[in-house]
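In what follows, a structure is listed as structure tokens, so that the remarks can point back to it.
Quantities reported herein were computed from a predicted structural model and do not represent experimental measurements. Here, residue 1 is the first one in the sequence, and each next residue gets the next number.
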Amino acid sequence: MRDTRESRLLLVLLIAIAFALITVDIRGGQESPVDGARQAAAAVFGPVENGVAAAVDPIGNAIGAVRDSGERHTRIAALEKENAELKAELGSDDRNRNRLRELDAMLRTAGAGQYGIKGAQVIAIGAAQGFSWTVTVDIGARDGVKRDMTVLNGSGLVGRVTTVGPSTSTVLLANDPDFTVGTRMEKSNELGFATGQGDGPLLVQLLNGKAKVKPGDRLVTFGSSGDKPFVPGVPVGEIVRIDPAGGGLTRNVYVRPYVGFTKLDIVGVVVQAPRSNPRDTVLPPKPKPAPTVTVTVTPPPPDGQQAADGQKPNENQQGQDQGDATP
């Protein structure tokens, strides 16, 4: 537009109208006649203004991020606390892997003997009902557990159920002095009775006082009438010491149990006995003997022969030297 007298008059008129509208708006307050127009303009141009401000005002965005960081920090702290509680509940990875190995070994043992079992976890240890070696497991009558059921794990015989509650049971461990179980020797079938001795090995009285036994021989449960309290074929342990035969009717041997009674975790209660006696099939395979290393020593030759052999190379070497010296 060219700078003419008419354009200057129009500019002055527009400025006057603007001042007049501003004055009316200020005096009108909330009932201003231009309030509707202002709201309509805000509705149309407000989103555009927000988008432009977000694009061209990174400092404002940074300030907003700092302002909101406190809320996010609180949320992160809460998540970290939940994660720590979950880890504490599940335990360490090593412990979980160890428990999986125990469960797998127990299932293999139950499968080898065809025992029907209910898996359980040891939840308490200590004296109960006058017994000194007992544990409490987290299954009971609601799970089909009854008194005088065999308890085992992946290593062998753990004990027998003595008390049953609705959701827990008490197990008398095989190393308790009040615990006795009938045993049978591997292969020889010699029978005996094993009694717990606390921290020491099991004391087994063999019925045959002249039975031929040796350290390393293994024993399993003989079984009870009606499979209670013991089912047959559960590994008990192996002989570590033998009392000298004294000509008595019985013979005492000492057996190291397969089960570590101070570190029980996953166990199984046998709720269904096998259809047939598994005998020795549940015992673990015997370790293979270490290969024998054979060393062959070659004796040195006699002194005279060694001297003769030593002279011969010297003579040959001397003749070769003379031949090389001949022109």
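Taking all atoms of both residues into account, the shortest heavy-atom contact from Val164 to Ser169 is CG1-OG, 4.0 Å. Of all heavy-atom pairs spanning Ala174 and Leu202, the tightest one is O-CD2, 3.5 Å. Summarising the geometry of Gly233 relative to Tyr115, their closest heavy-atom pair is C-OH, 3.2 Å, with the distance given to 0.1 Å. For the pair Ala194 and Val204, the tightest heavy-atom approach, listed with the atom from each and the gap, is CB-CG2, 3.7 Å. What you find for Gly144 and Met149 is that their closest heavy atoms are O-CE, 3.6 Å.
Counting heavy atoms from C-beta on, the side chains of Asn252 and Leu203 come closer than 4.5 Å. Side chains of Met106 and Ile117 form a contact here, defined as non-hydrogen atoms less than 4.5 Å apart. In this structure, Val267 and Val137 have side chains that are in contact, with non-hydrogen atoms separated by less than 4.5 Å. Between Leu191 and Leu206 there is no side-chain heavy-atom pair separated by less than 4.5 Å. Contact annotation: the side chain of Thr136 never approaches that of Ile125 to less than 4.5 Å [non-hydrogen atoms, C-beta and beyond]. With contacts defined as side-chain heavy-atom distances shorter than 4.5 Å, the pair Leu207/Arg251 does not qualify. Looking at Asn277 and Phe222, their side chains never come closer than 4.5 Å, going by heavy atoms from C-beta outward. Residues Val255 and Pro201 fail the side-chain proximity criterion, which asks for heavy atoms closer than 4.5 Å.
We find the CZ-CG distance between Arg160 and Asp176 to be 9.0 Å, quoted to the nearest 0.5 Å. Here the straight-line distance linking atom CD1 of Ile239 with atom CZ of Arg218 works out to 11.5 Å at 0.5 Å rounding. Between the CG atom in Leu264 and the CG atom in Leu173 there is a gap of 6.0 Å [rounded to 0.5 Å]. For the atom pair CZ (Arg184) and CG (Leu219), the distance works out to 9.5 Å, reported to the nearest 0.5 Å. Distance check: Lys210 NZ to Leu249 CG gives 10.0 Å after rounding to the nearest 0.5 Å. Here the straight-line distance linking atom CD1 of Ile242 with atom NZ of Lys212 works out to 13.0 Å at 0.5 Å rounding.
For Gln121, the CD atom is densely surrounded, since the number of other residues' heavy atoms within 6.0 Å is greater than 12. A 6.0 Å sphere centred on NZ of Lys286 holds more than 12 heavy atoms belonging to other residues, nucleotides or ligands. Taking a 6.0 Å sphere around CG of Asn189, one finds it holds more than 12 heavy atoms contributed by other residues, nucleotides or ligands.
Hydrophobic clustering, with ILVMFWY side chains joined whenever heavy atoms are under 4.5 angstrom apart, keeps Met185 apart from Tyr254. Two different hydrophobic clusters hold Val282 and Val220 under the rule that ILVMFWY side chains link at heavy-atom gaps under 4.5 Å.
Side-chain N or O atoms of Thr109 include one that pairs as donor or acceptor with a backbone N or O of Gly154 at under 3.5 Å. Panel note: side chain Thr168, backbone Gly165; no donor-acceptor pair is recorded below 3.5 Å. Counting only distance, with no hydrogens or angles, the side chain of Asn175 and the backbone of Gly198 share a donor-acceptor pair below 3.5 Å. A donor-acceptor pair under 3.5 Å is formed between the side chain of Thr221 and the backbone N or O of Val231. Using a distance-only test at 3.5 Å, with no hydrogens or angles considered, a donor-acceptor pair links the side chain of Asp143 to the main chain of Gly140. Without hydrogens or angle criteria, Glu102 side chain to Ile266 main chain gives a donor-acceptor distance under 3.5 Å. Between the side chain of Thr150 and the backbone N or O of Pro229 there is at least one donor-acceptor pair closer than 3.5 Å. Side-chain atoms of Asp280 do not come within 3.5 Å of backbone N or O of Leu283 as any donor-acceptor pair.
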For side chain to side chain contact (heavy atoms under 4.5 Å, CB included), just list the numbers for Glu238 and Glu186, CA-CA rounded to whole Å, side-chain angles, deciding distance to a tenth of an Å, and then say yes or no. CA-CA 10 Å; Glu238 62 181 42; Glu186 180 186 14; over 6 Å; no

Leu157 and Leu152: side chain to side chain contact (heavy atoms under 4.5 Å, CB included), yes or no, with the steps? CA-CA 5 Å; Leu157 179 66; Leu152 52 78; 5.6 Å; no

Could you walk me through whether Tyr258 and Val236 pass the side chain to side chain contact (heavy atoms under 4.5 Å, CB included) check? CA-CA 6 Å; Tyr258 287 123; Val236 175; 5.7 Å; no

Assess the residue pair Asn153 and Val259 against the criterion (side chain to side chain contact (heavy atoms under 4.5 Å, CB included)); give the C-alpha distance rounded to whole Å, side-chain angles, the decisive distance to 0.1 Å, and a yes or no. CA-CA 8 Å; Asn153 66 3; Val259 172; 3.5 Å; yes

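A salt bridge links Asp217 to Lys214: one of the charged nitrogens lies within less than 4.0 Å of a carboxylate oxygen.
Residue Phe179 is tested with Phe193, Trp133, Phe230 for a ring-ring contact (aromatic ring centres under 6.0 Å, His included); the sole match is Phe230.
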